[in-house]
**Student:** 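Once you've had a glance at the structure underneath, I'll fire off some questions.
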Amino acid sequence: MMKRKTTEEYIETIYVLQNRDGYAQTGKISSEMSVRPSSVTEMLQKLQEEGYIKYEPYKGATLTDFGKKIARELMKKHKIIADFLEIIGIERELAEEDACQIEHHVTGKTLERLEKFVEFINNAPKEPKWIEHFNHYIKTGKRKECTFYKEKERNII
Ligand code: FE2
């Protein structure tokens, strides 16, 4: 699991740097990830062997089509997880930070369900009542009375 995380973190970092600078310089990867340049070089050679990047010593790395595909999948995972966390009331900045951890460990099955959940909530015609109630509960520790059932009890509805 650790190995997968590290590989994916490199791919993400390279993706971001490549989009910004055209290619990912070894020194920039090193400072971005707080990893020694010698370790970066070693990892870049490995990533090249595995087909994720094209590596030119002293210049840096660019993602191959395969590497880009993996990077885009990671970005998608990241967004689903961050959106989910935001729905349950986590502020965006923390949601982003945690998404970057969870994305490397979540199974495909769980991610699929999270995606459905986010879709279900975001495409709802209006914000589901239970979310409002949940947010109220988070803020106050108390449940909001559900007016629908109360009114039903009184035979108003
Ligand atoms: Fe991420």
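Numbers here simply count residues along the sequence, with the first being 1. First listed ligand is number 1; within each ligand, the first listed atom is number 1.
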**Student:** Where do R143 and Y137 come nearest, in terms of heavy atoms and distance?
**Tutor:** N-CD1, 4.1 Å

**Student:** Enumerate the protein N/O/S atoms at a distance below 2.8 Å from the Fe ion (ligand 1), ignoring waters.
**Tutor:** E12 OE2, H78 ND1, C100 SG, E103 OE1, E103 OE2

**Student:** Write down the atom of V118, the atom of I80, and the distance for their closest heavy-atom approach.
**Tutor:** CG2-O, 3.7 Å

**Student:** Is the number of heavy atoms from other residues, nucleotides or ligands under 6.0 Å of D65 CG greater than 12?
**Tutor:** no

**Student:** Indicate whether any N or O donor in one side chain lies under 3.5 Å from an N or O acceptor in the other, for T41 and S38.
**Tutor:** no

**Student:** With the side chain counted from C-beta on, respond yes when Q25 and L17 share a heavy-atom pair under 4.5 Å apart, and no when they do not.
**Tutor:** no

**Student:** Just so I know, are the side chains of T26 and Y55 near enough to count as touching, which here means a heavy-atom distance under 4.5 Å?
**Tutor:** yes

